[in-house]
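Have a look at the structure below, then the notes.
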Amino acid sequence: MSFLPVAEQLAVIRRGIEKIVPEEELAQKLEWSRSTGNPLRIKYGIDPTGIDVHLGHTVPMQKMRQFQELGHQAVIIIGNYTALVGDPSGRDKAREKKLTMEQVEINARDYLQQVGKVIDLSKAEVHRNGDWFGKMSFADILQLCGKVTVAQLLTRDDFAKRFKEEKPIFMHECMYPIMQAWDSVMIKADIELGGTEQLYSFMLARELQRDAGLPQQIGVMSPILVGLDGVKRMGKSLGNYIGISESPYDIMKKFMQIPDDCMRMYFELLTKIPLSDIETLLAGHPKEAKLALARAVIGEYHNDAAAVEAAQRWQNEIGGDALPTDIPEVAIDASLIEADGCMQAARLLVAAGLVTSSGEARRSIAQGGAYLGESKERIASHDQRIKVEAGVMLWVGKKKYCRMK
């Protein structure tokens, strides 16, 4: 097999990467691969703890696809045994919810279907780490644990933090990085992909590979993708994520909400758009940049036609003057309606669920951001009396609206 020159491969690999450890060995491995015609074995592990793959998960998957396109061998580890433990990375306490083997297997099948939207599974190896951990005897486990000291485990940031704060660290959690590292031994990984929080496990894998007489892997680590809030890492538990199986329009709406200063990270990590073109987009209007970003991602996980349609619908309904097509109906509590069938504007916005308090309602109205009817007649004051009638629309801003019933 012929491979691109090492310098060209490195240019592809380094895009959107925060850390390569040890970096000096990467060019050597690529040169060996090119001179021998042997593809490198690229490892990426997934614990099927849920069924929604979001864009944060796809960052290392996109890098895996790039390695595939460079001619290397993708090796996917489905962590059906590590999922029973739960990854402690970045957590200040043990996971409370424990999964059954049946739940993990159901999740694994759905995960693979979604992963196939990014990685070419027809050319990838897929292994479940239960294939080797399930065959281990207690003596085997003791022997494996004997390769790692408690002092080494406490160099992990999450464990060190908990130890300092006198928070519990359970023995089964200590097994997780050891199991993850042993996966690399079993599949003879040359490179492992993941986030920067995985550094400890990646380096432990190198030690275990050395002990087994194998070439040592290199960790290629992506930055942590922030969620829609622009602050915390994208995650299902925080509700700040974009799922790759969501509808094109839902994805579009979420992208248009991201903070402007997140766009560079999203463009570099989630799209194939050349870096020079990204600079041009970011130099223009933020709305146009976000539309281009959303279209690129939707096109990746749905298709280009769906991306164009979603963008046009957003422009019409949110960015333009057309009525939304998914207007929710909200029942107004009859006990709140006065004898003449009216309510004060501020109270009505709260009753409709468009704001959470009278104070927020008053501010929205005072700032000219509350409207009535399909023609969006501005509500003049917080005590304006509004007739409560079925089918009449209420608005707060462009994104909160409902019909009364």
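Shown here for Val350 and Ser358, the closest heavy-atom pair between the two residues is CG2-N, 3.7 Å. The minimum heavy-atom distance linking Ala181 with Leu208 is given by the pair CB-CD1, 3.7 Å. Ile365 and Ala345 get closest at one heavy-atom pair: CD1-CB, 4.0 Å. Thr58 and Leu270 make their closest contact through OG1-CD2, 3.7 Å (heavy atoms, listed as atom of the first residue, atom of the second, distance). Residues Leu281 and Ala292 come closest through the heavy atom pair CD2-CB, 4.0 Å. Scanning both residues, Asn240 and Arg233, for their nearest heavy atoms gives ND2-O, 3.3 Å.
Contact annotation: the side chain of Ile17 approaches that of Ser222 to within less than 4.5 Å [non-hydrogen atoms, C-beta and beyond]. For the pair Asp260/Lys290, a side-chain contact is recorded, criterion being any heavy-atom separation below 4.5 Å from C-beta on. In this structure the side chain of Ile332 reaches within 4.5 angstrom of the side chain of Met343, judged on heavy atoms. Counting only heavy atoms from C-beta outward, the side chains of Met393 and Ile327 approach each other to under 4.5 Å. With contacts defined as side-chain heavy-atom distances shorter than 4.5 Å, the pair Met252/Ile298 qualifies. Between Phe255 and Ile251 the shortest side-chain heavy-atom distance falls below 4.5 Å. Residues Cys402 and Trp395 have side chains not in contact (no heavy-atom distance under 4.5 Å, counting atoms from C-beta outward). Ser276 is not listed as a side-chain neighbour of Glu279, based on a closest heavy-atom distance of 4.5 Å or more.
Panel note: side chain Arg34, backbone Phe3; a donor-acceptor pair is recorded below 3.5 Å. His302 places a side-chain N or O within 3.5 Å of a backbone atom of Glu246 that can act as its donor or acceptor partner. In this structure a side-chain-to-backbone donor-acceptor pair under 3.5 Å is missing from Ser33 to Lys29. Using modelled atom types, no side-chain atom of Asp383 and backbone atom of Gln344 make a donor-acceptor pair closer than 3.5 Å. In this structure, Lys254 contributes its side chain and Tyr241 its backbone to a donor-acceptor pair below 3.5 Å. Judged by distance alone, with hydrogens and angles left aside, the side-chain atoms of Asp120 form no donor-acceptor pair with the main-chain N or O of Gln68 at under 3.5 Å. Arg41 places a side-chain N or O within 3.5 Å of a backbone atom of Ile187 that can act as its donor or acceptor partner. When atom types are taken as modelled, the side chain of His54 and the backbone of Ile242 share no donor-acceptor pair closer than 3.5 angstrom. Between the side chain of Glu192 and the backbone N or O of Ser201, no donor-acceptor pair lies under 3.5 Å. When atom types are taken as modelled, the side chain of Tyr401 and the backbone of Leu354 share no donor-acceptor pair closer than 3.5 angstrom.
A donor-acceptor pair shorter than 3.5 Å cannot be found between the side chains of His57 and Gln114. Ser247 and Asp250 share a donor-acceptor pair across their side chains, judged by distance under 3.5 Å alone. Residues Glu360 and Thr356 have side chains that bring a donor and an acceptor to within less than 3.5 angstrom of each other. With no hydrogens or angles considered, a side-chain donor-acceptor pair links Glu207 and Gln152 at under 3.5 Å. In this model, a donor atom of one side chain and an acceptor atom of the other lie less than 3.5 Å apart for Glu125 and His127. No donor-acceptor contact under 3.5 angstrom links the side chains of Tyr81 and Asp47, judged on distance only. When only modelled atom types and interatomic distance are considered, Trp132 and Asp183 share a side-chain donor-acceptor pair under 3.5 Å.
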Does Glu300 form a salt bridge (Lys or Arg N to Asp or Glu O under 4.0 Å) with Arg65? I'd like the steps, not just the answer. CA-CA 12 Å; Glu300 180 79 20; Arg65 182 59 186 253; over 6 Å; no
Lys387 and Asp340: salt bridge (Lys or Arg N to Asp or Glu O under 4.0 Å), yes or no, with the steps? CA-CA 8 Å; Lys387 187 77 171 179; Asp340 60 356; over 6 Å; no
Apply the test salt bridge (Lys or Arg N to Asp or Glu O under 4.0 Å) to residues Glu389 and Lys405: give CA-CA distance (whole Å), side-chain angles for both, the deciding distance (0.1 Å), then the verdict. CA-CA 7 Å; Glu389 296 179 306; Lys405 69 173 182 178; over 6 Å; no
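With a 6.0 Å cutoff to the six-membered ring centre and a 45° limit on the axis angle, Lys253 does not count as a cation-pi contact of Trp314. Remark: Lys19 fails to qualify as a cation-pi partner of Phe202 under the 6.0 Å distance and 45° angle criteria applied to the six-membered ring. With Tyr371 as the aromatic partner, Arg378 does not meet the cation-pi criteria of under 6.0 angstrom to the ring centre and within 45 degrees of the ring axis.
By the salt bridge (charged side-chain N to carboxylate O under 4.0 Å, His left out) test, Arg109 is found to be paired with Glu105, residues two or more places apart in sequence or in another chain being considered. Legend: residues meeting side chain to side chain contact (heavy atoms under 4.5 Å, CB included) with Leu275, ordered by chain and number and at least two apart, are Arg15, Glu268, Ile278. Scanning for salt bridge (charged side-chain N to carboxylate O under 4.0 Å, His left out) contacts around Glu18 gives an empty result, with sequence neighbours left out.
Residue Arg347 places its CZ atom among 12 or fewer non-hydrogen atoms of other residues, nucleotides or ligands, all under 6.0 Å distant. Counting non-hydrogen atoms of other residues, nucleotides and ligands closer than 6.0 Å to CD of Glu377 gives a total of 12 or fewer.
Here Arg295 does not pair with Asp304 in a salt bridge; the nearest charged N to carboxylate O distance is not below 4.0 Å. A salt bridge between Asp140 and Lys135 is absent, with no side-chain N of the basic residue lying under 4.0 Å from a carboxylate O of the acidic one.
When the options Lys63, Gln66, Met64 are evaluated for a side-chain contact (heavy atoms from CB on, under 4.5 Å) with Ile42, the one that passes is Met64.
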